[in-house]
2 protein chains.
Amino acid sequence: MYTRCIAGARTYQKVGTMITLNDKTYTCPVDVTLGFIGGKWKLLILSHLHWQEQSSYAKLKENLPGVSEKMLSQQLKELERDLLITKTMLSRKPYRVSYSLSAEGKSLAPLYEFVSSWGVRYLKQQGIDYIQDQQLYK
Amino acid sequence: MYTRCIAGARTYQKVGTMITLNDKTYTCPVDVTLGFIGGKWKLLILSHLHWQEQSSYAKLKENLPGVSEKMLSQQLKELERDLLITKTMLSRKPYRVSYSLSAEGKSLAPLYEFVSSWGVRYLKQQGIDYIQDQQLYK
DNA sequence: CAGTATCCTTAGCGATACTG
DNA sequence: CAGTATCGCTAAGGATACTG
């Protein structure tokens, strides 16, 4: 028996069961969302696609320093399965693909923006100005 | 050499170095934020405190089905070290403590709300009405 | 380019027992 | 109640080689 919370209203409920969805159980809506974006590299991939709009596999890899091929393709596959991103084949020969956010993935846009802004604010608070004197490209 | 993105503006920059903060390196502001909330149970703990306002160790444990004592105290310790939560001793004998969000932890409130709302919306879309016919307690 | 397959290590994590 | 300490395992993840 545990309590779980509801967004907006500061109320809670005593419940004995958890949320069941596709043979998995979740404790609360936050847990549900984490099931989609909780993977080690997922939020970085999604936010990258949020700003780049579309990206190749190689470009994603370049922009995620430290990710292994295994992890990148695994996380991409899960994101695609969960319908957060869309993979498009640009050409068969030479083989070119493009990843981009799906409508569902775009619905998380406020999250990408907030998480990034919070990071920028934190850095500034620590005396690191992330934006300052940066050379920007369109 | 990789590119990194900036919130708000859909621009990016070519950089050779990463962000360094307290001997750790980050690829972008999103990564920085994830350093604080990326732990396995952290967002669940934080959002629990967001709605409960304050909670004991036992109550936290009760509301995080599946968490081990080790993980709970480890994550709590990290959150406290990172100044996202505050621990208060209510009484020494019997020993009682209370965890709550710090100002820094509260600054992530839009995140808790959004992540929860997104989960609720997703569940509804799947035919699961999380709020419906629930017995609520104040 | 865009991955997959395999091997292998390590550290994240759970279970249990113990403490103030 | 509110934790800490220790042990041991397993699955996450890295490195490398290979494929269409």
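What's counted below: heavy atoms across the whole structure, side chains too, no hydrogens, waters or symmetry copies. Just so we're on the same page: letters track the sequence lines, and every chain starts at 1.
- Inter-residue side-chain proximity for A:Tyr122 and B:Leu21 is flagged as met; some heavy-atom pair is nearer than 4.5 Å.
- If you measure from atom CG of A:Leu76 to atom C1' of D:dG13, you get 16 Å, rounded to the nearest angstrom.
- Contacts with DNA chain C (heavy atom under 4.0 Å) in residues 87-99 of chain A: A:Lys87, A:Tyr95, A:Arg96, A:Val97, A:Tyr99, listed by number.
- In this structure, the side chain to side chain contact (heavy atoms under 4.5 Å, CB included) partners of B:Ser55, at least two apart in sequence or on a different chain, are B:His48, B:Leu49, B:Lys59, B:Leu60.
- Between B:Lys77 and D:dG3 there is no side-chain polar atom (N or O) within less than 4.0 angstrom of OP1 or OP2.
- Between A:Ser56 and C:dA2 there is a side-chain polar atom (N or O) within less than 4.0 angstrom of OP1 or OP2.
- Across the protein-nucleic acid pair, B:Ile85 atom CD1 and D:dA2 atom C1' stand 14 Å apart, rounded to whole Å.
- Residue A:Arg81 places its CZ atom among more than 12 non-hydrogen atoms of other residues, nucleotides or ligands, all under 6.0 Å distant.
- Counting only heavy atoms from C-beta outward, the side chains of B:Leu111 and A:Trp118 never approach each other to under 4.5 Å.
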Below 3.5 Å is the cut-off: list the nitrogen or oxygen pairs between protein and nucleotides 11-13 of chain C, distance only.
residue, atom, partner, partner atom, Å
C:dC13, N4, B:Lys70, NZ, 2.8

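- Looking at heavy atoms from C-beta onward, B:Trp51 lies out of side-chain contact with B:Asn63 at the 4.5 angstrom threshold.
- Here A:Lys70 pairs with A:Ser68, A:Gln74 under the side chain to side chain contact (heavy atoms under 4.5 Å, CB included) rule; sequence neighbours left out.
- Here the P atom of nucleotide D:dG20 and the OH atom of A:Tyr57 are 17 Å apart, to the nearest Å.
- Looking at A:Tyr112 and A:Leu101, their side chains come closer than 4.5 Å, going by heavy atoms from C-beta outward.
- In this structure, B:Tyr57 and B:Ser73 have side chains that are in contact, with non-hydrogen atoms separated by less than 4.5 Å.
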Under the 3.5 Å Watson-Crick or G-U criterion, the dot-bracket string of DNA chain D, with | for inter-strand pairs: ||||||||||||||||||||

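- A heavy-atom distance below 4.5 Å is not found between the side chains of B:Phe36 and B:Glu78.
- Here the P atom of nucleotide D:dT19 and the CD atom of A:Glu69 are 15 Å apart, to the nearest Å.
- Screening residues 27-36 of chain A for salt bridge (Lys or Arg N to Asp or Glu O under 4.0 Å), with sequence neighbours left out, gives no hits.
- In this structure, B:Phe114 and A:Ser107 approach most closely via the heavy-atom pair CZ-O, 3.4 Å.
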